[in-house]
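So the structure is just underneath, and the comments pick up after that.
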Amino acid sequence: MKKTKSVIGMLALILLFSSAFNPVKTGLKEGEQAPELSLQNAEDSVSLQSLKGRYVLLNFWAGYDAPSRMENIRFAREIDKSGLENIALVSVSFDTNRKVFEETIKRDGLNAATQFYDKDGSRSDIFDNYRLNKGFASYLISPEGVIIAKDPNPEHLTKLIRQ
């Protein structure tokens, strides 16, 4: 019995230390090149490549996650009122049901042209490439495709772009 506890204790320590030296990477960092993505919605298709030369606010959300929904609404409103023409909102939903996605867009009063649905959800390439792990994130991407801010405050977008 003592040997079993000892072995379990040693394994626990090994796991603890191995995860400390090999942390799971969550999200991308400022200064990194944004991974390419291509999306289609009912109105249009978009890719980061097609938006080169413009700032892109890339926002990930889902209808079941109230904080990410609120951010999505705040980002859309801020971009609308900013008057900036050199920024594009690309908002990606990881809802598991397309009808939930469509209903959420209507309820939240969002422009369907900026909203995209990734039917593969957390199993998608986008989810993996942006290392979203267990959560949602937003990225402000420069006209050159470089991440200049992670999870920016919607009310400070204009300031970030004008810097």
Side-chain angles (χ1 to χ4, degrees), residues 23-98 100-163:
V24 175
K25 289 185 176 182
T26 302
L28 301 173
K29 294 182 175 48
E30 292 176 14
E32 290 186 82
Q33 191 72 30
E36 182 56 45
L37 60 81
S38 292
L39 298 159
Q40 178 81 35
N41 66 15
E43 299 180 22
D44 204 2
S45 63
V46 71
S47 68
L48 286 185
Q49 185 63 38
S50 70
L51 295 170
K52 284 257 180 179
R54 297 179 74 188
Y55 288 93
V56 176
L57 179 64
L58 181 59
N59 181 47
F60 299 107
W61 66 280
Y64 59 82
D65 184 71
S68 70
R69 271 179 74 181
M70 291 305 299
E71 283 289 287
N72 196 29
I73 294 166
R74 289 173 57 212
F75 281 131
R77 287 183 182 154
E78 188 62 31
I79 288 172
D80 284 347
K81 80 175 190 179
S82 73
L84 295 172
E85 294 185 19
N86 63 336
I87 185 168
L89 174 62
V90 177
S91 196
V92 183
S93 167
F94 290 117
D95 281 305
T96 56
N97 182 307
R98 185 172 195 87
V100 169
F101 161 72
E102 291 169 353
E103 189 59 35
T104 302
I105 290 172
K106 287 178 191 171
R107 270 196 199 128
D108 293 350
L110 297 168
N111 178 352
T114 64
Q115 305 297 313
F116 298 87
Y117 172 70
D118 189 334
K119 66 178 174 30
D120 294 327
S122 62
R123 296 179 312 277
S124 77
D125 289 340
I126 295 170
F127 199 90
D128 288 342
N129 291 343
Y130 280 84
R131 299 192 300 254
L132 296 174
N133 200 10
K134 292 183 180 180
F136 300 100
S138 300
Y139 296 96
L140 181 60
I141 301 169
S142 74
E144 296 78 31
V146 176
I147 296 169
I148 55 176
K150 180 180 179 190
D151 296 324
N153 181 323
E155 289 74 25
H156 295 120
L157 281 179
T158 305
K159 186 190 306 183
L160 284 169
I161 290 171
R162 291 190 174 145
Q163 286 182 352

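Annotation for T104 and G63: closest pair OG1-CA, 4.0 Å, computed over non-hydrogen atoms. Residues S138 and P152 approach most closely at O-CD, 3.7 Å, considering heavy atoms. Residues K150 and A137 approach most closely at CE-CB, 4.4 Å, considering heavy atoms. The nearest pair of heavy atoms linking D95 to S93 is OD2-OG, 2.7 Å.
In this structure the side chain of F94 never reaches within 4.5 angstrom of the side chain of S122, judged on heavy atoms. Using a 4.5 Å heavy-atom cutoff, the side chains of N129 and L37 are not in contact. Side-chain contact between S91 and F75 is absent, with no heavy-atom pair separated by less than 4.5 Å. Using a 4.5 Å heavy-atom cutoff, the side chains of I161 and L140 are in contact. Within the 4.5 Å cutoff, no side-chain heavy atoms of F127 are placed close to those of D118. Q33 places none of its side-chain heavy atoms less than 4.5 Å from the side chain of L28. Considering only heavy atoms from C-beta on, V100 stays 4.5 Å or farther from Y64 through its side chain. Side-chain contact check for D120 versus D125: every heavy-atom pair is 4.5 Å or farther apart.
The NZ atom of K159 lies 4.5 Å from the NE2 atom of H156; values are rounded to the nearest 0.5 Å. In this structure, CD in E155 is found 11.5 Å from CG in L160, a value given to the nearest 0.5 Å. Atom CD1 of I126 is separated from atom OG of S38 by 8.0 Å, given to the nearest 0.5 angstrom.
In this structure, S68 contributes its side chain and A62 its backbone to a donor-acceptor pair below 3.5 Å. Not one N or O on the side chain of D108 forms a donor-acceptor pair closer than 3.5 Å with the backbone of I73. In this structure a side-chain-to-backbone donor-acceptor pair under 3.5 Å is present from Y130 to P35. Remark: side-chain polar atoms of N41 are paired, donor with acceptor, to backbone N or O of Q115 under 3.5 angstrom. Panel note: side chain R54, backbone P143; no donor-acceptor pair is recorded below 3.5 Å.
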Query raised in the report: Between L84 and R162, is a side chain to side chain contact (heavy atoms under 4.5 Å, CB included) present by the stated rule, with each step listed?
Result: CA-CA 10 Å; L84 295 172; R162 291 190 174 145; 3.5 Å; yes
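Aromatic ring pairs are classed by plane angle as parallel below 30°, tilted from 30° to 60° and perpendicular above 60°; the pair F60 and Y139 is perpendicular.
With sequence neighbours left out, the side-chain contact (heavy atoms from CB on, under 4.5 Å) criterion links Q49 to E36, S47, K52. Every residue meeting the side-chain contact (heavy atoms from CB on, under 4.5 Å) condition with E102, not counting sequence neighbours, appears here in chain and number order: R98.
Residue pairs meeting the ring-ring contact (aromatic ring centres under 6.0 Å, His included) criterion with at least one member in residues 29-51: none, sequence neighbours excluded.
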